[in-house]
Every structure is written in structure tokens, then in C-alpha cells.
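Single-structure report; data block below.
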Amino acid sequence: MILRHAWLLQFLVAGFQPVLSFHVLSFPPNVKDSRTTLCLSAAALDERKDETIHISPVTTKQRRNDETIGNFSEKLFAWIKSSSIKRIAMFVILTALATKAFTTGTPFRLLLTILYQQYKMWKRPLFALFVIWQYVAHRQVKQRQAQDATSEWGRYARNPGARGRALLTLVLVVTLGGYLPSRGWQWIGAHNRAETLLQQSGQQLTTGLLQLGPLYIKLGQIISCRSELLPAPWIKAMERLQDQVPAQSGEKAWALVRAAWPSDGNSTGLPFEETFLNFNDVPIAAASLGQVHTATLRETGDIVAIKLQRPYLREMYDQDFALLTNLAGMMDRFSGRSMGDVGGIKQNWTEIFIDAEEILYREIDYRDEAENAMRFCSDFGLALGGRSVQSRSLSKDGKELPSAAPWLRTPYVYSNLSSEKILVNEYVPSIKITRNDKLEAAGVDDDDKMYLADCLGRAYLRQLCCHNFFSTDPHPGNLGVELLNMNATQPEDRVRLVFYDFGQAATLTAEQGDGILEIIDAIVDSDVDRSMTSFQKMGVLQPDADMEKVRAKIADNYRTGKIKANRKRLKERGYQFRETVKQNITSNATSTDAEIMKYFKLPAEYAFVARALSQMDGVGKSLDPDFDFVSAAAPWIYEIKGAGKYIKEEAKKRIDAVKEQINKLFSLEEPCARIRKMLDEWFSQNLKKAE
């Protein structure tokens, strides 16, 4: 290292030569309060060449100081020769100052005065040292990150300023070096060149997010599910954040095991080696917070998946959320009249980040993830091996919901073997849900994909509207396709949807879940009245909202098709609709979206609902381009409501629809008043029979 950077040592010696020319002088006794004084350079001697200068005789004390300095310098030089160039740069100045402080007996507090007086002399070598030091440090960081993109996570946890500089550099490189030049090439018609630049900058962006830490990886995972947010090459590049985060293998993997499973045993009291066999130290998957290895349980012989947590997560979360909470407070304080608006919906950013902080901190405690996974299994009636068990969830009419095991699976959790930093699950192999090449190679056809997309919508309808507990992170890395009997003819016999990773989950109140169910039902039927009722039940309308304007806007959106379900798909499944858009609502129907959205607010729970539905929509469209959550969920509303309640409500819908049409027909016919009365009585009687 020293030989390779000999030029740097020569530069430092040359740069500091004037500074190191210290001389100890003593002035004549007639000078008031004569004492030892420092002349800092040869230039100072030249200016005093005509004065009488007396050199103090060498005393025994000074000789001892010289011997001390000699020994210190020899040891320091030997240490520097075996050290790195960074240490040389850092200690050159300290060596010079310490040497002269020993030699002259100068108090250390005078060293600052020396630096101040000779600022011009020190400025150039100090600046050179700083530039070279930063360059060498940057090269060393890049070399470490080339071998392991997560190598600097610990340093960033201890020094958030370093991560801030890395983030700023990433933004500048990707924007100025990739995005803006690509726009220029597109403008002049060089589309191939623009595409190449976007692909390169997308890879830089993805690598940069990997290097910054887990929170930035999660942001990339969310964005990668929304193809409309960023250029397509960037979205494609960020897909590897979902399940291709660099992992630790070999001895580093065993270090994670030892950190998670103490040598004296886990909760079982047994060491790791006495609990598991055939631990594979090469991970089968890796995510932002941990990596997964396979092993065999000694007691049962079952193959399990062991999830090990990465180091430094809590330290990085402490730094990230301190920054994000302050940023949220600034947004709430200084945004003026549009404070906390997203799409016009008023919300408190601080509350949203506080809720996000709680969820994400729980994610780095695998005991919470184990509890979430067990609740998910209990709600859906899932057991070890994909077997069906009794579901603990009830429909709206109080009846027990069926097990979801025929169409849904999630790994069983061995809670007695899990702890804060280790999670032991049943091993459930599958194909990543967005890997169309592997799915097609396995024989999964378009009908199977449409079935899987519908299962995804069905699963979230049940989570949101019945369980009131849902996974907030359904990105493609957390969803898989289990192959069953590929020789079968029906999709439900061929494939099954698999959910992984319940580190992020949230809950809703019963009223919020009912409101979501009603708004889905209202969208299917384009029902303005029920939409208004649903919004009020969900708690998303401001107290001072102008209900007539909101009502008119909803009706206009239904009439123009801005909000609608996929009716063609639903009709193919035998779904019948009831058109209830009030055609006579025209007052204030021309209000803009921004004017209407100011009457809405977004409770923090719905921020996680929106995130989950956003990611789910991206996954669903990768399986079925015509996928939308409302259309996928609508056929299963009867399951959530219960057959009895659903039939009664549907009968009432049909009767109300017929009554409305007849009332319109006879509204101007006075002679038909008796007929209307008779029809009202008849409909009332039939409604009682239906109930």
C-alpha cells in the first residue's frame, strides 16, 4: 500500500515542509516577561535576521524530551508503514504538532493559535489531504460494495450523514446522468440511445437503493409494482429488489445464526445443531430485512425454512424514522392551505408516519411476524401441509366461513422455535407470481393466471371486509404459485395461491371493514346513495363536506364510466346489475376533482389499505391485464355477507329497481295512482316473504 502511494507521501512531505520548519528561540532578558516563543517558519527567521537572537542552551529536560520524541517518532513511523493511506493522511498533522509540543513544552491549547496564525500556509496541504482522503475512502467503499451491496449498512447506521451524501449522489447521478439526457435523446428521435440510457440509470438506481438500506429497498419494492410511476426500464430494473437482495453465505450466514440463536439454546433449551439437521448455509431467498435458509427438523424430519435477520436494522430504522418524522412535521406545518393533501385528500402526515413506524418496527421483531402469520392461517382455516381446518372467521350473518385451503396456502409457523431474530416456517416451494416465463414453462396457462388473479382479489376482500386484518405488503416477492396437479383440467385443481411474509400487517375497525364492503357493492351497481352511506361509515368525509356536491360528483363519475367495474367479466359469471345512478342530479356536477376531494380526509389505516391495493393491482395486472379489485371481489360478496343476508339484499335491490322503473312510467299519469298503490302493496308483501 505504501509503495503504491509513495507519490502521495512525497506530496505530503513537500506540502508540509514549511510547516514542519519550527525553531525554538529565546529573546534577550530586557524583553518584558521573556519566555520561550515559537517562530513558525524559516520566513520568520529571515524577517528577524538583523535582530540579536540568543539560542537557549540545551537542558537535561530538553534532552529527555528529544529522546522521548525520538522514540515516539520511531514507533509512529513503524506503525504508519504498516497502516493504510487513510491513516497516513490523518496522522501527519498530528505527528508534527505533537512533536513540536513535546520539544518546546508548548501547551496544547496554543496549537489552535498556531493554526490560526498560519492559516494561509496550512490551507493548501489541508485541502489536498481532504480531497485525497475522500477519494481514497470513496474507492474503498465502492470496492466493498462491489463484493457485497449491503457492506455499508453498518457504517450508515453509525453515520447517517454518510448515507445522506450517498443518497444525494445517487439522485444526481440517476437524474443528470440518465433521465434528463434520455429525454433529450427522445426529443431528437434517438429512441434506442434513450432506451439504453434509461436501462443503465435504472440499474444504477436499483443498486443505489440496495446499498442505502432496507427502508429504501422497501420504497423500491412499492414503486416496482406501479408501472405508471417511472419509466419502464427503471421499473424492470427495480423488480430485482423484490427477491434478489444480496445475501450472506457460508461463515457469514453462520454468524447470523449465532447472533439469532444463542449457544446455550433458544426457547427450547437446545443448541441450534441439536435442533436442526442439514442447514444449508447458501440462502434460497433474500429480502431487505432477512434471508431464508433450508434445514431439517431433527425431531420430525420435516423440511423447514429458517428466516435470519440482517444486522444493524434497528439502528438504521432509528436514523430513518427520526428523519422521516421531522420531514412529516415540516410538511404538516409549512404546506399552507394544502397541508397534508395527497390527491386533494386532507391527511396528517405525522400520524401516517407514526403508524408506519409502529408497523415497520414490529416487522424487525420476528415474534410479531409469527403472530401475524398464525392469525392469517386461523382466519383462513389453513394448517400444516396445506390442510383445511375450521376457520375462526364468521360471515356478516354470523355463519362460519369455509376454509380457504383449496385455493390459498401459507407456510405453517413453528412459533416455539422462533424468536426476535429467527423465524422457522414450513418449507413451501412455489414459483414467483410474476415470473411468467417459469409459469409458462411449468404449464400454467392464461385460464390459470386469471383464476390466480381472482383468488388474490378474493383473499383481500375477505381480509379487509371480514377479518379486519390484512397484509400490507403483497409485492411479487411475497406471492407465489404452488403447482398441484398439472394434468387436471380445472384451474382450481392445477394451481394454488401462496402468501409469504407477514412482517407488515394492519388492522381495521368493524365499521371500516363494513364501509369498504359497501363501497365495493355500490361501485358494482353504480349506486350513488349507497356510495354516500359507505363514505360516511368509513369516516372519510369531512364534517363540513358539501354533501350535494359530493353526491353530484359521484353520480357524474358513474355516468361517465370514470368509476366502474368490469361488467363484461361479471356478466360472464352470471352477475346481475342494478342501475341506480340518479339521472336528475345535475347541480354542481361540473365541480373539479380537486374541489370535491377537499371534502375528504384519509385516516391513517386507509393509507395502508391503499398501499396494499396498489401493490395487489400491479400483481393482478401481471396475471390478467383486465384485472381490477372490485370486479375480482364482487362475485365473492355473497361469501362475506352470508347466503341468507345476501339473498335478502339482492331481492330488495331487484324489487326497488322495478318499483323505480314503474314509478317513472306512471309519474305523470294521475289515473294510475290506484295502480301504483296496488303495486306498492304487492311489492311490500313480496319483500316480507323474501325476508
Side-chain angles (χ1 to χ4, degrees), residues 1-16 75-96 122 124-178 200-201 203-217 220 240-241 244-253 255-256 259 286 288 291 310-313 315-316 318-320 323:
M1 189 70 171
I2 291 293
L3 294 177
R4 221 168 65 188
H5 297 279
W7 63 273
L8 176 60
L9 192 58
Q10 294 175 0
F11 170 80
L12 294 175
V13 172
F16 279 93
K75 292 180 180 179
L76 182 64
F77 185 69
W79 179 78
I80 286 177
K81 286 198 298 184
S82 63
S83 180
S84 67
I85 196 64
K86 282 180 64 176
R87 290 184 177 178
I88 296 176
M90 185 166 56
F91 283 96
V92 162
I93 298 175
L94 296 180
T95 303
W122 285 84
R124 184 172 298 174
L126 278 175
F127 179 73
L129 271 178
F130 175 77
V131 172
I132 295 172
W133 186 0
Q134 290 297 315
Y135 172 76
V136 173
H138 175 75
R139 289 298 302 270
Q140 291 176 341
V141 167
K142 289 302 179 184
Q143 290 173 359
R144 291 194 297 267
Q145 289 179 333
Q147 298 177 355
D148 179 9
T150 67
S151 63
E152 303 306 300
W153 286 13
R155 184 171 69 93
Y156 289 157
R158 296 185 297 270
N159 183 8
R163 181 159 52 173
R165 292 190 294 272
L167 177 60
L168 178 61
T169 302
L170 175 64
V171 172
L172 292 176
V173 168
V174 170
T175 304
L176 302 181
Q200 294 173 350
S201 58
Q203 293 297 330
Q204 290 175 324
L205 176 61
T206 303
T207 302
L209 293 175
L210 281 172
Q211 295 170 352
L212 287 171
L215 194 59
Y216 296 92
I217 293 175
R240 66 185 173 101
L241 295 175
Q244 298 181 38
V245 180
Q248 307 291 337
S249 303
E251 184 55 36
K252 291 182 178 180
L256 296 179
S288 56
Q291 56 190 50
R310 296 180 184 272
Y312 310 115
L313 293 183
E315 293 86 346
M316 284 187 285
D318 290 342
Q319 300 290 347
D320 289 333
L323 174 63

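Values reported hereafter were calculated over all heavy atoms of this structure, with side chains retained and with hydrogens, waters and symmetry mates removed.
- A distance of 14.0 Å separates OH in Y216 from CG in L210, rounded to the nearest 0.5 Å.
- Residue L212 comes nearest to A166 through the heavy atom pair CD2-CB, 3.9 Å, listed as atom of the first residue, atom of the second, then distance.
- At a threshold of 4.5 Å between non-hydrogen side-chain atoms, the residues R144 and E152 count as touching.
- Rounding to the nearest 0.5 Å gives a distance of 4.5 Å between CH2 of W153 and CZ of R310.
- Note that CD of Q203 is 6.0 Å distant from OG1 of T207, once rounded to the nearest 0.5 Å.
- Under a 3.5 Å cut-off, the side chain of Q291 and the backbone N or O of Q248 do form a donor-acceptor pair.
- The nearest pair of heavy atoms linking V174 to S201 is CG2-O, 4.0 Å.
- Heavy-atom contacts from other residues, nucleotides or ligands closer than 6.0 Å to CD of Q147 number 12 or fewer.
- The main-chain N or O of D148 is found under 3.5 Å from a side-chain atom of S151 such that the two form a donor-acceptor pair.
- Q145 places none of its side-chain heavy atoms less than 4.5 Å from the side chain of Q140.
- P214 and L313 get closest at one heavy-atom pair: CG-CD2, 3.8 Å.
- Residues R163 and R155 are not in side-chain contact: their nearest non-hydrogen atoms beyond the backbone lie 4.5 Å or more apart.
- Between N159 and R165, the closest side-chain pair of non-hydrogen atoms falls below 4.5 Å.
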